[in-house]
2 protein chains.
Amino acid sequence: MAKTSDGRGNKDKPVERSTNGRQKLMEAALELAATTRSLASLGLREVARHAGLNPNTFYRHFKDFDDLGVAMLDELGTELRAGLREARMRPAKKGFRLSDFSNPAEGLAQAQALARESVGLVLDFVMDHREAYTVGIRELHGTSAVMRQAMQGLLDGIATDMTEDLLGVLMLPAVSHEELTAVARVIVRQMVFFSMDYLEQPSRHAEIKREAERFILLLFWGAIAARAPDLLSQANLKFPKV
Amino acid sequence: MAKTSDGRGNKDKPVERSTNGRQKLMEAALELAATTRSLASLGLREVARHAGLNPNTFYRHFKDFDDLGVAMLDELGTELRAGLREARMRPAKKGFRLSDFSNPAEGLAQAQALARESVGLVLDFVMDHREAYTVGIRELHGTSAVMRQAMQGLLDGIATDMTEDLLGVLMLPAVSHEELTAVARVIVRQMVFFSMDYLEQPSRHAEIKREAERFILLLFWGAIAARAPDLLSQANLKFPKV
DNA sequence: TCATCGGGTATACAATCGTCTACCTGCACA
DNA sequence: TGTGCAGGTAGACGATTGTATACCCGATGA
């Protein structure tokens, strides 16, 4: 996990001790980047100063700012991903299980509930980690190719998780695996924007949630209609109000 | 248009002369920002040097980097917007006109053609202005609140244009104006990502075009199915291959 | 017990930065 | 005719930057 460049004695002891300065630097960088500027354009001295450390201590732990960025993304990214998966499993444990669409009306109703829960989940997470989110998204289109790629990888990873979880819970009729993956990617990326709106416009929270939810449902509805248009009209299903 | 702060003699003469240095600075900033770093973190001297001018000349034209950024976005943004509108009008002149969905099959086929044309249009534009696009998107999530707001305004403006143009050409059944606006917003934002993919992965150009096109169609299909599910099944329409 | 080494510090240096003040030049207008 | 001003230049200022070299300490393992 860590790349502790032990010149000697690389036994199988991870040697996790004294991650004090390293952690301090990462936290300082996060705070500074969130309020001041992009990660890549942070000053080495600036970060060290804000962490209460000597400028040169930076070199002990990181060689680049890319290096620090990737480390941060590693830490927070896995946390986010784990949190999302775990939370997505929660409703399943509450007996929230919709196998096939043998009862389409009920199936879609529960799909809507699932969408609502997921949207709330993501937006809550973003609110709880707004600094990390702000900085991360900045790097998504930033100048560092390394960070850009890492962030895109994280988003795609989330989309993959989402696809797999969905497949275990929701058997969409006639929607193939690749199709579902594409839809998940699109949703994850769109949530980037919705999250931004959510952070920047606290007064519109409810409205933004509705918009996001509606967007997701529209996509799934389209996917179903594209593959099994009969399903919708036969059951005389109405698109939910949202 | 320009804010030539004439202390005296503000007759109705715009006085457009000698925009030489100003233009040079903007071009230099664009080039530097595209290759080096974010706009906001550019050096004043750096830009001036790259423009072959004295550092102090910067102050003659701009007071901030935000100031310069907004000026650039003004110039390129209106160009993009005009280009898109004009190009979207082109098919309409070719007799490409689908009023209502009295013939749903034909209507949707032409909607697909319209989607394809629009996607190609945007992606071509991005390829032709990759520097400006790269820098602009960087600022969309950047540190400068001024630039962020300006970029979001541009995107929303494009979405509005798109909605109006669509309303003149394509009467989607039972899809309200606000609904169409929401869909347009979502499409425009998603195109940001597709454009990024397009720039970064030249080998997947055709594939990305297909994905974008498919995404748009899926949305419209969903919107139609949500409001008029009968339309799709009655006419026994198949979702296009894409 | 003692050498090794990771983590942290101190100092120094050249480069670059933003900005201030001053000076130059050629139009425009009265 | 000549005055004012926008546009551009020159030089200097203190501050801050990244980095190189050298020193320090406490734990660890032989």
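The chains referred to below are lettered A, B, ... by the order of the sequence lines, with proteins before strands, and numbering in each begins at 1.
- Atom pair A:Leu68:CG and D:dG18:P shows a separation of 13 Å (rounding to whole Å applied).
- Remark: B:Asp66 pairs with no residue by the salt bridge (Lys or Arg N to Asp or Glu O under 4.0 Å) rule, at least two apart or across chains.
- Rounded to an integer number of Å, the gap from A:Arg49 CZ to D:dA15 C1' is 11 Å.
- Residue-to-nucleotide contacts include a donor-acceptor pair under 3.5 Å from the side chain of A:Arg60 to the base of C:dG8.
- Taking the side chain of B:Asn56 as heavy atoms from C-beta on, and the options D:dT9, D:dA10, D:dT19, the nearest nucleotide is D:dA10.
- For A:Glu207 and A:Arg204, the salt-bridge test passes: some basic side-chain N is under 4.0 Å from an acidic carboxylate O.
- For D:dG8, the OP1/OP2 oxygens have no side-chain nitrogen or oxygen of B:Arg22 closer than 4.0 Å.
- Going from atom NZ of A:Lys63 over to atom C1' of D:dT19 covers 15 Å, rounded to whole Å.
- If you measure from atom CZ of B:Phe65 to atom P of C:dG18, you get 7 Å, rounded to the nearest angstrom.
- Comparing A:Asn54 and B:Tyr59, the nucleotide of DNA chain C nearest to each residue sits closer to the 5' end for A:Asn54.
- Atom P of nucleotide D:dA6 and atom CG of B:Asn20 are separated by 18 Å, given to the nearest angstrom.
- Applying the side chain to side chain donor-acceptor pair (under 3.5 Å) definition to pairs two or more places apart or across chains, those involving residues 147-162 of chain A are A:Arg81-A:Asp161, A:Arg85-A:Asp161, A:Gln152-B:Glu200, A:Asp156-A:Arg185.
- Using cut-offs of 30° and 60° on the angle between ring planes, the pair B:Phe193 and A:Phe193 is perpendicular.
- When the nucleotides D:dG8, C:dG7, C:dC17 are ranked by their closest atom to the side chain of B:Glu46, C:dC17 comes out on top.
- Atom C1' of nucleotide C:dG8 and atom CG of A:Leu25 are separated by 11 Å, given to the nearest angstrom.
- Here the C1' atom of nucleotide D:dT19 and the CZ atom of A:Phe62 are 18 Å apart, to the nearest Å.
- Both A:Arg45 and A:Leu53 lie close to DNA chain C; mapped to their nearest nucleotides by heavy-atom distance, the more 5′-ward contact belongs to A:Leu53.
- For the pair B:Asp197 and B:Lys209, the salt-bridge criterion is not met [side-chain N within less than 4.0 Å of a carboxylate O].
- B:His61 has no side-chain polar atom (N or O) that falls below the 4.0 Å cut-off from OP1 or OP2 of D:dA6.
- Atoms CZ (A:Phe58) and C1' (D:dA20) sit 16 Å apart, rounded to a whole Å.
- If A:Pro55 and B:Pro55 are placed on DNA chain D by their nearest nucleotide, the residue sitting closer to the 5' end is B:Pro55.
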